[in-house]
Amino acid sequence: MPELPEVETIARGLDHQARGQRIETARLLTPSIRRAGDVDTVPGRVITGVTRRAKLLLIGLDNGSVLAFHLKMTGRVWLARTDEPLPLHAHAVFDLANSDRIIFEDPRRFGYLGLFSPRELDGWSFYAALGPEPLETTPHVLSQRLAGRQARIKSLLLNQTVLAGIGNIYADESLFAARVHPASRAARIPAARLDRLCAELQRILRAAIAAGGSTISDYRDAYGKSGLFQNHFQVYGKRGAPCPGCGQPLVTARIAGRTSTHCPLCQRLYV
DNA sequence: GGGATTGTTTAAAT
DNA sequence: GATTTAAACAATCC
């Protein structure tokens, strides 16, 4: 489940390894995973840089256009050599001049790619509506975006138009770190506590990037390697395990349509 | 073979 | 109109 730290890790690896390379061939093996653009215009273009916005992986090309990937649950974008056999669920393949190959694979096929001109990217409603990057502003500014809203805090953290790039892992981990119950109404959380939540979110995102992201099952970085941050989880996926704060078993609840693992004793419910 | 899985979109409700 | 919630959807695994 690639979220901000996982996509950031992939982007850094690809940028390091593929920037400046010319794309020789572009093959769309599964046409249905293409959301926009004509992939036939890619061959001959040079990769100017690989970046991330929210959970989108963005490969910039020298004609100004951008190849965007959303990995959803099980998508991977990684580098292989052109003489290696393709994986079973490869949907798009880009061979580079140095005999490296960028592969987009996704067994579930929930992920997608799109090729956008700069104007098309800005006109893409999903892209245009994305909220701020959590690591490019202060905790206080982030908390201002949450303050006063009636919705449950868990739902707002997952809402990509409020903050960009947060998924279930980093929402649950930051709520536990700040001792805020996921079902709390944002408007009822004191300002200082909301600031702390955003500071914890930033701290955890930075630590997760430094650890190369979290591998639950499918995620791999640009070189096919697993992340390490799953070893630092306090609550995510640990229902029944002792709470790191009080030792009582962690519980799960369905909040905003998502499984939320938390400690009902340590995490205060503001309603 | 049905339920669980996720992020996003769409629809419905408030 | 804005905000919030729920349902639908993609496809596969166990």
task = Check every nucleotide of DNA chain C for an atom under 4.0 Å from a heavy-atom of chain A, then give the first and the last such nucleotide from 5' to 3'.
result =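 Reading along DNA chain C, I get C/dT4 to C/dT12.
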When we call it a touch if two heavy atoms are under 4.0 Å apart, what does [X] touch: a base, just sugar-phosphate, or nothing?
X: A/Gly167; answer: sugar-phosphate
X: A/Arg35; answer: nothing
X: A/Tyr112; answer: nothing
X: A/Asn168; answer: sugar-phosphate
X: A/Arg108; answer: base

ask   = Can you check whether A/Ala178's main-chain N or O pairs, donor with acceptor, with A/Arg193's side chain at less than 3.5 Å?
value =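 Side chain of A/Arg193 to backbone of A/Ala178, a donor-acceptor pair under 3.5 Å: yes, one is there.
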ask   = Would you say the side-chain atoms of A/Gln21 pair up with the backbone N or O of A/Asn98, donor to acceptor, closer than 3.5 Å?
value =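 Yes; at least one donor-acceptor contact below 3.5 Å.
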Spacing of [atom1] belonging to [X] relative to [atom2] belonging to [Y], to within rounding of 0.5 Å:
X: A/Phe229; Y: A/Leu205; atom1: CZ; atom2: CG; result: 8.5 Å
X: A/Leu130; Y: A/Thr161; atom1: CG; atom2: OG1; result: 8.5 Å
X: A/Glu105; Y: A/Arg220; atom1: CD; atom2: CZ; result: 9.5 Å

inquiry  = Are A/Met73 and A/Phe69 connected into the same hydrophobic cluster when the rule is that any two of I, L, V, M, F, W, Y join if their side-chain heavy atoms are below 4.5 Å apart?
reply    = no
message = Can you tell me which residue among A/Gln267, A/Glu200, A/His181 is in a side-chain contact (heavy atoms from CB on, under 4.5 Å) with A/Leu175?
response = A/Gln267
is_close_aromatic(A/Trp124, A/Phe116), centroid dist under 6.0 Å = yes
For [X] and [N], give me the distance from atom [atom1] to atom [atom2], rounded to whole Å.
X: A/Phe110; N: B/dT9; atom1: CZ; atom2: P; result: 15 Å
X: A/Leu56; N: B/dT6; atom1: CG; atom2: P; result: 19 Å
X: A/Asp172; N: B/dT5; atom1: CG; atom2: P; result: 13 Å

key: A/Arg206 CZ: over 12 foreign heavy atoms closer than 6.0 Å   =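 Yes - once you tally the heavy atoms of other residues, nucleotides and ligands closer than 6.0 Å, there are more than 12.
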query = Would you say A/His232 has more than 12 foreign heavy atoms packed within less than 6.0 Å of its NE2?
reply = yes
inquiry  = Both A/Gln160 and A/Arg254 contact DNA chain B. Which one's nearest nucleotide lies toward the 5' end?
reply    =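 Checking each residue's closest nucleotide, the 5'-ward one belongs to A/Arg254.
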inquiry  = Could you go through A/Asp221 and A/Arg12, starting from their C-alpha distance and side-chain angles, then the distance that decides it, and tell me whether this counts as salt bridge (charged side-chain N to carboxylate O under 4.0 Å, His left out)?
reply    = CA-CA 9 Å; A/Asp221 70 11; A/Arg12 290 181 183 185; over 6 Å; no
inquiry  = Pair A/Glu133, A/Arg52 - check salt bridge (charged side-chain N to carboxylate O under 4.0 Å, His left out), show working.
reply    = CA-CA 10 Å; A/Glu133 284 292 326; A/Arg52 175 196 60 76; 2.9 Å; yes
query = Of the residues in residues 140-148 of chain A, which ones touch DNA chain B at a heavy-atom distance under 4.0 Å?
reply = none
task = Would you jot down, in residue-number order, the residues of residues 227-239 of chain A having a non-hydrogen atom under 4.0 Å from DNA chain B?
result =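 Only A/Tyr236 qualify.
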request  = Kindly say if A/Lys55 contacts the phosphate of B/dT6, meaning a side-chain N or O under 4.0 Å from OP1 or OP2.
outcome  = no
ask   = Which pairs with one or both residues in residues 247-256 of chain A pass side-chain hydrogen bond (donor to acceptor under 3.5 Å, both in side chains), sequence neighbours excluded?
value = A/Arg239-A/Thr252, A/Arg254-A/Thr259
task = Convert the base pairs of DNA chain C into dot-bracket notation, remembering that pairs crossing earlier ones are written with [ ] and that bases paired across to another strand are shown as |; include only Watson-Crick or G-U pairs under 3.5 Å.
result = .|||||||||||||
query = Got a sec, which residues hit side chain to side chain donor-acceptor pair (under 3.5 Å) with A/Arg179, two or more places apart in sequence or on another chain?
reply =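 Side chain to side chain donor-acceptor pair (under 3.5 Å) list for A/Arg179, sorted by chain: empty.
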